[in-house]
2 protein chains.
Amino acid sequence: MTQSPKRPLTLRDVSEACGVSEMTVSRVLRKSGDVSEATRTRVLAAAKELGYVPNQIAGSLASQRVNLVAVIIPSLGNMVFPEVLAGINAAFDDTPLQPVVGVTDYLPEKEETVLYEMLSWRPSGVIIAGLEHSEATQAMLTNAGIPVVEIMDTDGNPVDAMVGISHRQAGRDMARAILREGYERIGFLGTKMPLDHRARKRFEGFTEGLAREGIEIEDRIFYHGGSALLKGREMTQEMLERSPDLDFLYYSNDMIGAGGLLHLLDQGVDIPGQIGIAGFNGVELLAGLPRQLATTDACRREIGEAAARIIINDTGSEPDPDMPRSVTMKPTLSLGDTLRRRHG
Amino acid sequence: MTQSPKRPLTLRDVSEACGVSEMTVSRVLRKSGDVSEATRTRVLAAAKELGYVPNQIAGSLASQRVNLVAVIIPSLGNMVFPEVLAGINAAFDDTPLQPVVGVTDYLPEKEETVLYEMLSWRPSGVIIAGLEHSEATQAMLTNAGIPVVEIMDTDGNPVDAMVGISHRQAGRDMARAILREGYERIGFLGTKMPLDHRARKRFEGFTEGLAREGIEIEDRIFYHGGSALLKGREMTQEMLERSPDLDFLYYSNDMIGAGGLLHLLDQGVDIPGQIGIAGFNGVELLAGLPRQLATTDACRREIGEAAARIIINDTGSEPDPDMPRSVTMKPTLSLGDTLRRRHG
DNA sequence: GTGAAAGCGCTAACAC
DNA sequence: GTGTTAGCGCTTTCAC
């Protein structure tokens, strides 16, 4: 930290500063190969003194290795993906691998360009949300020549590997739980996300689960944009105005579910006696609501960790061939205080 | 998309596939220089057909230019930084610049390593949260030789440029608003974040603002970890048990404020008559609560946009020398329904 | 409008 | 344990 260089420092600068060949300096800085303790300290001192920061661009080009892992997700706005990222980060913690995240906003074209940009940095692997992609995206993933883990969802076939839960099954399970408690007049409240395939599959599984018992959804409503809590309130009000005899409301996520919960409590509705409700995700954020919302835990952190482990395995020196390439987590359904009918 | 190559494709592959020199192929792909329409189409066709993805590593090394901007933030877990990112993204939208985010978890050592790693990719600029950094971090920023914008906070001196709000002033303003409404027995509830300098400055400004009117905080409490909503409830209960005569509670963020709000309503407390409350941030998420929480909007998106604009300016071909290097946004204080004493 | 040569800063592979 | 040589895949520069 001796100068304020216009030109970034190079290995050569360090080499000259300590009278050791560039090659040896490089070895010291990468802790690779055998270097005598004496030169090691000299080099380290010089590098620190100068404030040298290695140039990974050159390094990666020369070594044909990049420690970057592309992580492509639809959004950072809800709590779900940050938690997946936390899992990925944790798993990469004592490896040289580094996640680089790209956000698609649920837009297939954006997914395409984001993936293209990331692939142009020749990452060591890709972790990407969902199993549904544009043809071009699919092609890029297939031809990338690096491990690709598709996450969140396992209802479909991965390009290479997948880790997630079955949203269809989650929907079915919730349907079963609701019917088991004796609810029969059921409404569905979702965010309008034509491209959120996981929400769609959950909905499909849900209707299917009801159908098995000969039940049909009585009403449904889809909104988008705005504050989720507020939307939850508004949707609930609107739905109950036009379908006042519903006895259960299934929300496509916990946030709008919480809004619905608050609205119903405001109205003096008896929950879960008169009306039961449930959401989806298990966001810890919401502990602290007047009632514990029934929900399905989506195993977000675990998914991130497992996906990262596949990448770590595949990029390691001796990949375990038995590493499973399809991991379906079992989400936990918690009834909370809002999905227990008082029988009789 | 004709093969599934083990070895990634290079310019040379495209060159051979279409019988045009590598150089010209490169020009086409970068839309630089004049190329005849005929060859242009030939090259593009070949590249697409093969599924060629340019190697930015090689490109950046050769051109000595990298379109990456390092964005270093403490966390993705609360809504605040994702909104800053959204602002940055929006501003970069029609530039070649690409944000790459690193997360520090409020840990100075992690900030140091994250910055080091990012600088080793030779980004075109750095956007980093906060003005307080370790000496090593400070040194790296100073010597990076690229534009550096420190964001969120303007109570201090930036290495290069800064965009944010004065948290000290925000605290003072809230104190003033509270006193103006006639509240006098005031408690403060914060998350225990010794390294969250912005929360600290807000607290300092707040106590200072009270002191001007000869008022002192009567009680304070700091928690950390867990669900913010739940913590808000618990802290509120605990504080009111030991200091039952408080008439105002100032929370260091909206989420714990919301928890407090729910708790007080549960207890049948008259808000804002008996007790007034306020949070900080203006998170849209919370619209939909039973009461609109008083809060200070922290201009998160605007801060991201303004910071990005500075980077865009500085890395452009002809930087505007008049571009301000210190932008202090004026946050809006909204009283909501929880900070209006019924006088008399 | 197109091509050939040189080199970006580093590391693999091999000498010593 | 240390140094030398070549070359990673592109772009810059300059020639044609």
Side-chain angles (χ1 to χ4, degrees), chain A residues 5-44 46-47 50 52-68 96 117 119-124 145 317, chain B residues 5-44 46-47 50 52-68 96 117 119-124 145 317:
Chain A
K6 188 70 257 165
R7 168 185 65 76
L9 295 142
T10 70
L11 260 191
R12 164 176 235 108
D13 295 307
V14 181
S15 165
E16 283 170 358
C18 64
V20 174
S21 80
E22 287 184 44
M23 198 51 233
T24 301
V25 173
S26 168
R27 281 197 267 256
V28 170
L29 265 21
R30 277 176 301 134
K31 320 179 203 317
S32 109
D34 288 325
V35 181
S36 76
E37 192 50 36
T39 52
R40 227 183 71 82
T41 14
R42 283 224 333 263
V43 169
L44 254 20
L50 295 174
Y52 171 69
V53 178
N55 185 333
Q56 293 244 41
I57 302 201
S60 299
L61 183 61
S63 67
Q64 304 281 68
R65 281 184 291 94
V66 183
N67 320 327
L68 268 22
E117 303 262 76
L119 287 183
S120 73
W121 287 98
R122 298 290 186 266
S124 294
S317 44
Chain B
K6 190 70 254 163
R7 167 184 64 75
L9 295 144
T10 69
L11 259 192
R12 163 176 236 107
D13 295 307
V14 181
S15 165
E16 284 170 359
C18 64
V20 174
S21 78
E22 288 183 44
M23 198 50 237
T24 301
V25 173
S26 167
R27 279 197 270 253
V28 171
L29 266 21
R30 276 176 301 133
K31 322 180 202 316
S32 109
D34 289 325
V35 180
S36 74
E37 193 49 35
T39 52
R40 225 183 72 83
T41 15
R42 280 219 343 258
V43 169
L44 253 20
L50 295 174
Y52 172 69
V53 178
N55 185 332
Q56 294 245 38
I57 302 200
S60 298
L61 182 61
S63 66
Q64 304 281 69
R65 280 183 290 95
V66 183
N67 309 328
L68 267 23
E117 304 261 76
L119 287 184
S120 73
W121 288 98
R122 300 290 186 266
S124 294
S317 46

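Here the structure is a predicted model, which is why all the values come from computation and not from measurement. These values consider heavy atoms only, across backbone and side chains, with no hydrogens, waters or symmetry-generated copies. Chain letters run A, B, ... following the sequence lines, proteins first, then strands; residues in each count from 1.
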Chemist: Taking atom CD of B:Gln64 and atom CZ of B:Arg122, what is their separation to the nearest 0.5 Å?
Modeler: 9.5 Å
Chemist: Using whole Å, report how far NZ of A:Lys31 lies from P of D:dG1.
Modeler: 18 Å
Chemist: At what distance, to the nearest 0.5 angstrom, does CG of B:Asn55 lie from CG of A:Leu119?
Modeler: 11.0 Å
Chemist: May I ask you to verify if any side-chain N or O of B:Gln56 is less than 4.0 angstrom from the OP1 or OP2 atom of D:dG9?
Modeler: no
Chemist: Which parts of nucleotides 11-16 of chain D does protein reach within less than 4.0 Å, heavy atoms only, written one letter per nucleotide 5' to 3' as B for base, S for sugar-phosphate only and - for none?
Modeler: BB----
Chemist: Give a yes or no on whether the backbone of A:Ala38 and the side-chain of A:Thr41 come within a donor-acceptor separation of less than 3.5 Å.
Modeler: yes
Chemist: Is there side-chain contact between B:Leu29 and B:Leu11, with heavy atoms separated by less than 4.5 Å?
Modeler: yes
Chemist: Would you say D:dC10 has OP1 or OP2 under 4.0 Å from some side-chain N or O of B:Gln64?
Modeler: no
Chemist: Choosing from C:dG9, C:dT2, D:dT2, which nucleotide comes nearest the side chain of B:Leu61?
Modeler: C:dG9
Chemist: Quick one: side chain to side chain contact (heavy atoms under 4.5 Å, CB included) partners of B:Ser124, sequence neighbours excluded?
Modeler: B:Thr315
Chemist: Could you tell me how far apart B:Arg40 (CZ) and C:dT2 (P) are, to the nearest whole angstrom?
Modeler: 12 Å
Chemist: May I have the distance from B:Glu37 (atom CD) to C:dG1 (atom P), rounded to whole angstrom?
Modeler: 12 Å
Chemist: Does D:dC10 have OP1 or OP2 sitting under 4.0 Å from an N or O in the side chain of B:Tyr52?
Modeler: yes
Chemist: How long is the span from the CZ atom in B:Arg40 to the CG atom in B:Asp34, to the nearest 0.5 Å?
Modeler: 11.5 Å
Chemist: Where the side chain of B:Val20 is defined as all heavy atoms beyond and including C-beta, which of D:dG3, D:dG9, C:dG3 is the nearest nucleotide?
Modeler: C:dG3
Chemist: Taking C-beta and beyond as the side chain, do A:Val14 and A:Leu9 meet within less than 4.5 Å on heavy atoms?
Modeler: no
Chemist: Quick one: is B:Thr39 getting a side-chain N or O under 4.0 Å of the C:dT2 phosphate, OP1 or OP2?
Modeler: yes
Chemist: Side chain of B:Asn55 only, heavy atoms from C-beta on: which candidate in D:dG9, C:dG3, C:dC10 is closest?
Modeler: D:dG9
Chemist: Nearest whole angstrom, please: distance from the P of C:dC10 to the CG of A:Leu29.
Modeler: 9 Å
